[in-house]
Amino acid sequence: MVSGSFAPIVRNLGLIGLLCGATSVAHAATDTAHADVESALLHRQLDLSRAQQWDPKRNRWLPLYLPPAKVYVVGTDAAYAPFESQNEKGEIVGFDIEVVQAVAAKAGIEVKFVNTPWEGIFNALAQGDRDLLVSAVTITDERKQTIDFTDPYFDAVQLIAVKETSKVTKFADLKKLKVGVQTGTTGDEAVTKLLGKNSTAIKRFESTPLALKELESGGVDAVVADNGVVVHYVANNPGGKFKTITDKEFAPEQYGIAVKKGNTELVEKLNNGLAEIQADGSYNQIYTKYFGQAPVAKGAAAPASAASK
Ligand code: ARG
């Protein structure tokens with residue numbers, strides 16, 4: 001069963017003596033030696049995980065059997081179209097997903113996406129339940145204390161959604177109103193700052209679409225959330241009769257892929273991948289697929305590494 005898959009020269013760190021006597025390098029260059037290997041296997045004396053084969057091109061010993069490649073588990077709160085959502089088949093799809101798939105292909109790593117509620121997402125990363133997060137996560141100084149980010153890959157800003165009939169024209173107008181946000185987002189932070197930490201007029205939801213549904217049914221007067229998601233929701237729910245309001249008060253935001261604090265090796269791989277997909281046009285292709293046009297904002301259009309330096 002194993003013969004044939006063996007290279008002409010094989011050694012095994014656990015079984016040097018059996019293959020060719022007492023030397024530290026055992027050569028199994030002949031069929032006879034193959035038979036020895038087979039018999040050792042049969043008698044469970046040969047630990048295959050430690051078997052090596054000689055690579056004449058590289059002039060060194062390499063593992064005979066490579067351990068299965070690590071699959072990086074990517075956490076994403078998949079209720080955030082067009083960045084991440086679940087299709088009818090339950091598959092996680094979206095802009096963020098395609099960006100990370102393209103980055104992973106360049107970085108030579110395997111990824112698997114796991115739907116992860118936003119409220120537990122940073123904890124899941126800290127616990128090691130997720131290796132990275134792609135979830136339209138805004139890079140903030142506060143978050144940088146506990147997690148590491150790649151270079152930015154997307155520019156965003158907060159946007160206000162209200163009913164068409166609303167008199168709201170600017171962010172400050174929300175002071176006397178009931179405002180819906182997704183818990184723990186940058187939208188939540190902005191509204192908390194405006195209305196006050198102890199305000200009971202802030203209605204917090206576990207997802208942004210839930211907050212927007214509440215706006216539709218009149219439970220809140222406004223929602224503050226990332227522009228991309230609000231624009232997408234409003235466009236796909238014409239029956240909601242929404243309008244959106246921008247305000248210069250909102251600080252520009254940038255999304256980054258998050259990794260566990262100190263995982264510099266992974267950040268580097270991802271940053272290289274991001275730079276590559278921006279250089280070869282695949283980032284722009286994904287961007288255009290989801291947003292109908294190539295990125296215009298400087299941050300998103302510039303190479304990721306250049307944007308953060
Ligand atoms: N960009 C915002 C933040 O980082 C909201 C992100 C929410 N993402 C999501 N997939 N629910 O706070």
Side-chain angles (χ1 to χ4, degrees), residues 73-87 90-101 111 113-126 129-130 132-161 171 179-194 202-215 222-234 236 244 246-247 249-259 290-291 297 299-300 307-308:
V73 181
V74 187
T76 185
D77 173 26
Y80 216 64
F83 296 95
E84 44 266 341
S85 60
Q86 276 183 295
N87 65 17
E91 298 158 337
I92 300 175
V93 296
F95 173 80
D96 280 354
I97 309 309
E98 289 195 37
V99 166
V100 166
Q101 276 166 341
V111 289
F113 297 88
V114 177
N115 197 1
T116 309
W118 177 257
E119 276 179 77
I121 211 164
F122 296 115
N123 217 20
L125 186 68
D129 294 339
R130 305 287 182 270
L132 53 140
L133 306 177
V134 70
S135 202
V137 183
T138 299
I139 303 169
T140 69
D141 287 338
E142 198 189 332
R143 288 173 183 165
K144 276 201 257 177
Q145 315 265 307
T146 51
I147 55 182
D148 284 343
F149 284 101
T150 60
D151 293 328
Y153 67 90
F154 192 85
D155 287 340
V157 70
Q158 295 303 304
L159 186 62
I160 304 163
F171 186 41
V179 188
V181 294
Q182 180 177 9
T183 312
T185 57
T186 44
D188 185 356
E189 277 170 39
V191 172
T192 302
K193 229 169 130 192
L194 183 76
I202 307 171
K203 303 291 168 211
R204 296 189 171 88
F205 297 86
E206 75 188 47
S207 81
T208 298
L210 279 178
L212 287 157
K213 271 197 196 98
E214 193 71 7
L215 176 62
V223 166
V224 177
D226 291 4
N227 55 340
V229 173
V230 171
V231 165
H232 184 269
Y233 189 92
V234 168
N236 286 284
T244 60
T246 57
D247 193 315
E249 283 288 299
F250 296 122
E253 299 184 26
Q254 291 184 305
Y255 298 161
I257 303 167
V259 308
Y290 282 92
F291 302 104
S308 76

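Remember, predicted model here, so these are calculated numbers, not experimental data. Whatever order the structure lists ligands and atoms in, that order sets their numbers, starting from 1. Positions are given from 1 along the sequence.
In the model, Gln182 has no side-chain atom that pairs as donor or acceptor with a side-chain atom of Tyr80 under 3.5 Å. Between the side chains of Asp96 and Tyr255, not a single donor N or O lies within less than 3.5 Å of an accepting N or O. In this structure, a donor-acceptor pair under 3.5 Å is absent between the side chains of Arg143 and Thr186. Defined by atom type and a distance below 3.5 Å, a donor-acceptor pair is missing between the side-chain atoms of Glu249 and Gln158.
You'll find the ring centres of Phe154 and Phe291 inside the 6.0 Å limit.
No donor-acceptor distance shorter than 3.5 angstrom exists from the side chain of Trp118 to the backbone of Ser207, with no hydrogens or angles considered.
Pocket lining of ligand 1, defined as residues with a non-hydrogen atom under 4.0 Å away: Asp77, Tyr80, Glu84, Trp118, Ser135, Ala136, Val137, Thr138, Arg143, Gln182, Thr185, Thr186, Asp226, Tyr255.
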